[in-house]
Colleague: 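My structure is below; once you've seen it, I'll send some questions.
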Amino acid sequence: MSDGAAGLPGNQQDGVGSMHLASLSAGKTFVMDVARRGQTIGTVHTLGALHLGHAELIRRAAAENDVAIVTVYPNKSQLSPGPEYEFNLEDDIALALRAGASAVISTTDAEMFPPGYRTFVSQGDYPLRASGPHGLLKEGITGCIRWICFARPNRSYFGLKDIGQALLVKQAVADLLLDCEIRFVPTVRYKNGVPISSRLRHFNPSELNELSSLFMALDHLRKEAARGVSCAKELIAEAKSLMKFRQFELESVRTLSAHSFEDQEQVELPFIISGVAVGRGLRVPDNIYVPDQDTLLDGPADIWIDLPERWGLTSMHSELERELSPSSQPKQAICRVQR
């Protein structure tokens, strides 16, 4: 840690060599100091509401680089319009630092979108998300590219749970000649198949168990494709027949080209198996990325963790504490950002 960065206004140190940088100017001073030292940087860019999936990204960044930087900003353009977005900055900082981050950089709408801001990354007429036409993916990609330009990392880490974003960020980095390696990290799942997500705290154990059928159906589709069934319509129909939702509605099951995100008629590598369930007014997407023959035959190299003994917001905090730092105490305050 540089003495200059440590003394910046608005910074909070959390142990030796780790800190919270509460503005872009403080973050830039830290990044420049790291560059002067010739150290490698790995970044993880988040909207906040960090969970164990983010923790795995941060662990990888810390293990493979001299410095791991986590950015926390609920992207104003990406989340607008939309439902209330809940996150707790103090919890996010604590999780990131315990997972191995050297610094957490947070910022505000005023810094990120000053009057006159007008630049966005456009990549053509792709569907907005691989998991269906919801969410503002162009704005999400723009946010990631801005952070990469800001932090100038050697490597930036993205989870395969959000495969659409990961693939498009990698393409944008290549197209814009940015000197950064985009690293994909496997999806972190509970042992019933449900991918880790902050929105899971809204569901009870019964709903969580029911939701597991989404992954089971998507993975069955993969196995059938591995057996040689190539008709997407047939594969999707069989996958849908396996889902017996009572508390959720099935929004979509799709097989998509990993290049264009267009729906496939005949399954061809590389492709994405995508599904979306809806419950309590929330969309719960899941994706299986199949880039090659090995993944088609053996399945994705997901990371599996135990289900929590209890469920809900408090139990998710307890789970994070147990995984990362049992001696820490969870905080109960929730930030709500209306977009």
Colleague: Could you work out, with side chain to side chain donor-acceptor pair (under 3.5 Å) as the rule, every residue matching Gln264, not counting sequence neighbours?
Modeller: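 Applying side chain to side chain donor-acceptor pair (under 3.5 Å) to Gln264 gives none.
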Colleague: Rounded to the nearest 0.5 Å, what separation is found between the CZ atom of Arg246 and the OG atom of Ser206?
Modeller: 5.5 Å
Colleague: Would you call Phe120 and Ile141 a side-chain contact if the rule is heavy atoms closer than 4.5 Å?
Modeller: no
Colleague: Could you tell me which non-hydrogen atom of Ser230 sits nearest to which non-hydrogen atom of Gln266, and how far apart they are?
Modeller: OG-OE1, 2.8 Å
Colleague: My understanding is that only residues two or more places apart in sequence, or in another chain, count here; which of them pass side chain to side chain donor-acceptor pair (under 3.5 Å) with Asn65?
Modeller: Arg155, Tyr157
Colleague: Strictly distance-based, threshold 3.5 Å: is any side-chain N or O of Lys28 a donor or acceptor partner for the main-chain N or O of Phe150?
Modeller: yes
Colleague: Would you say Leu297 ends up clustered with Leu160 if hydrophobic residues are merged whenever their side chains have heavy atoms under 4.5 Å apart, either directly or through other cluster members?
Modeller: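 Leu160 and Leu297: separate clusters.
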Colleague: Just by distance, no angles: are the side chains of Asn209 and Ser212 close enough, under 3.5 Å, to form a donor-acceptor pair?
Modeller: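 Per modelled atom types, Asn209 and Ser212 side chains form no pair under 3.5 Å.
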Colleague: With side chains defined as the heavy atoms from C-beta onward, is the minimum distance between Phe158 and Leu167 less than 4.5 Å?
Modeller: no
Colleague: List for me each residue that meets side chain to side chain donor-acceptor pair (under 3.5 Å) alongside Gln39, sequence neighbours excluded, and say none if there are none.
Modeller: none
Colleague: According to a hydrophobic-cluster definition based on side-chain heavy atoms being under 4.5 Å apart (Ile, Leu, Val, Met, Phe, Trp, Tyr only), do Ile273 and Met216 belong together?
Modeller: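 Cluster IDs for Ile273 and Met216 match.
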Colleague: Contact between Val104 and Leu97 at the side-chain level, heavy atoms closer than 4.5 Å - yes or no?
Modeller: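 Counting from C-beta outward, Val104 and Leu97 do come under 4.5 Å.
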Colleague: How many angstroms lie between atom CZ of Phe203 and atom CG of Leu208, to the nearest 0.5 angstrom?
Modeller: 9.0 Å
Colleague: Considering residues at least two apart in sequence or located in another chain, which fulfil the side chain to side chain contact (heavy atoms under 4.5 Å, CB included) criterion with Lys244?
Modeller: none
Colleague: Can you name the closest pair of heavy atoms from Ser274 and Leu256 and give their distance?
Modeller: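 It is CB-CD1, 4.2 Å.
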Colleague: For Lys223, give me all partners under salt bridge (charged side-chain N to carboxylate O under 4.0 Å, His left out), at least two apart in sequence or on another chain.
Modeller: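 By the salt bridge (charged side-chain N to carboxylate O under 4.0 Å, His left out) rule, Lys223 matches Asp219.
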Colleague: Walk me through whether Asn192 and Leu307 qualify under side chain to side chain contact (heavy atoms under 4.5 Å, CB included).
Modeller: CA-CA 8 Å; Asn192 67 351; Leu307 286 157; 4.0 Å; yes
Colleague: If we only count heavy atoms from C-beta on, is the Leu211 to Asp286 side-chain gap below 4.5 Å?
Modeller: no
Colleague: Check the angle between the aromatic planes of Phe248 and Phe245 and answer parallel, tilted or perpendicular using the 30° and 60° thresholds.
Modeller: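 Plane angle between 30° and 60°, so tilted.
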Colleague: Looking only at heavy atoms, which two atoms of Asp92 and Leu50 are closest? And how far apart?
Modeller: OD1-N, 2.9 Å
Colleague: Taking only residues two or more places apart in sequence or in another chain, which ones pass salt bridge (charged side-chain N to carboxylate O under 4.0 Å, His left out) with Arg118?
Modeller: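 For Arg118, no residue satisfies salt bridge (charged side-chain N to carboxylate O under 4.0 Å, His left out) once neighbours in sequence are set aside.
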Colleague: Any chance you could measure Cys180, atom SG, to Asn154, atom CG, to the nearest 0.5 Å?
Modeller: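 CG of Asn154 is found 7.5 Å from SG of Cys180.
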Colleague: Can you name the side chain to side chain contact (heavy atoms under 4.5 Å, CB included) partners of Ala217, sequence neighbours left out?
Modeller: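 With sequence neighbours excluded, Ala217 shows a side chain to side chain contact (heavy atoms under 4.5 Å, CB included) to Ala239, Leu242, Met243, given in chain and number order.
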Colleague: My understanding is that only residues two or more places apart in sequence, or in another chain, count here; which of them pass salt bridge (charged side-chain N to carboxylate O under 4.0 Å, His left out) with Glu207?
Modeller: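 Checked Glu207 against salt bridge (charged side-chain N to carboxylate O under 4.0 Å, His left out); matches are Arg280.
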Colleague: Using a cut-off of 6.0 Å, state whether more than 12 heavy atoms not belonging to Lys170 lie near its atom NZ.
Modeller: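 Count not over threshold, so no.
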Colleague: Partners of Asp263 by salt bridge (charged side-chain N to carboxylate O under 4.0 Å, His left out), sequence neighbours excluded?
Modeller: Arg254
Colleague: Taking atom CD of Glu265 as the centre, does the number of heavy atoms from other residues, nucleotides or ligands within less than 6.0 Å exceed 12?
Modeller: no
Colleague: Over all heavy atoms of both residues, which pair between Gly143 and Asn75 is shortest? Give the atoms and the distance, please.
Modeller: CA-ND2, 3.8 Å
Colleague: Please report the interatomic distance CZ(Phe261) to CD1(Ile272), rounded to the nearest 0.5 Å.
Modeller: 5.0 Å
Colleague: Has Met32 got more than 12 heavy atoms of other residues, nucleotides or ligands less than 6.0 Å from its CE?
Modeller: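 Open.
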Colleague: Gly159 and Ala166: which non-hydrogen atoms are nearest, and at how many Å?
Modeller: O-CB, 4.2 Å
Colleague: Can you tell me how far CD of Glu249 sits from CZ of Arg283, rounded to the nearest 0.5 angstrom?
Modeller: 12.5 Å
Colleague: With a 4.5 Å heavy-atom cut-off, do Tyr190 and Ile196 have their side chains touching?
Modeller: yes
Colleague: Any heavy-atom pair between the side chains of Arg183 and Arg60 that's under 4.5 Å?
Modeller: no
Colleague: Run the side chain to side chain contact (heavy atoms under 4.5 Å, CB included) check on Ile148 and Ile182 step by step: do they pass?
Modeller: CA-CA 10 Å; Ile148 288 171; Ile182 301 301; 4.0 Å; yes
Colleague: Any non-hydrogen side-chain atom of Trp147 less than 4.5 Å from a side-chain atom of Thr43?
Modeller: no
Colleague: Once side chain to side chain contact (heavy atoms under 4.5 Å, CB included) is applied, do any residues pair with Asp179, and if so which ones, sequence neighbours excluded?
Modeller: none
Colleague: Under 3.5 Å, is there a donor on one side chain and an acceptor on the other for Thr187 and Arg189?
Modeller: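 Per modelled atom types, Thr187 and Arg189 side chains form no pair under 3.5 Å.
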Colleague: Under 3.5 Å, is there a donor-acceptor pair between the side chain of Thr40 and the main chain of Asp66?
Modeller: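 Answer holds: yes.
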Colleague: Distance-only, no hydrogens or angles: does the Glu210 side chain make a donor-acceptor pair with backbone N or O of Gln247 under 3.5 Å?
Modeller: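 Yes: the side chain of Glu210 pairs with the backbone of Gln247.
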Colleague: Checking side chain to side chain contact (heavy atoms under 4.5 Å, CB included) for the pair Leu57/Thr46: CA distance, chi angles, key distance, verdict?
Modeller: CA-CA 10 Å; Leu57 301 178; Thr46 81; over 6 Å; no
Colleague: Just to verify, what does Leu176 make a side chain to side chain contact (heavy atoms under 4.5 Å, CB included) with, not counting sequence neighbours?
Modeller: Ile145, Leu178
Colleague: Walk me through it: do Phe30 and Met19 pass the test side chain to side chain contact (heavy atoms under 4.5 Å, CB included)?
Modeller: CA-CA 10 Å; Phe30 178 79; Met19 66 175 80; 4.1 Å; yes
Colleague: Are Glu238 and Val229 side-chain neighbours, meaning at least one heavy-atom pair lies under 4.5 Å?
Modeller: no
Colleague: Over 60° means perpendicular and under 30° means parallel, so tell me whether His54 and His51 are parallel, tilted or perpendicular.
Modeller: tilted
Colleague: Of the non-hydrogen atoms in Leu296 and Phe271, which two are nearest, and what is the gap between them?
Modeller: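 Distance-wise, the nearest heavy atoms are CD1-CZ, 4.0 Å.
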Colleague: If the condition is side chain to side chain donor-acceptor pair (under 3.5 Å), which residues does Thr71 pass it with, not counting sequence neighbours?
Modeller: His45
Colleague: Nearest 0.5 angstrom please: Asp162 CG to Tyr289 OH, how far?
Modeller: 14.5 Å
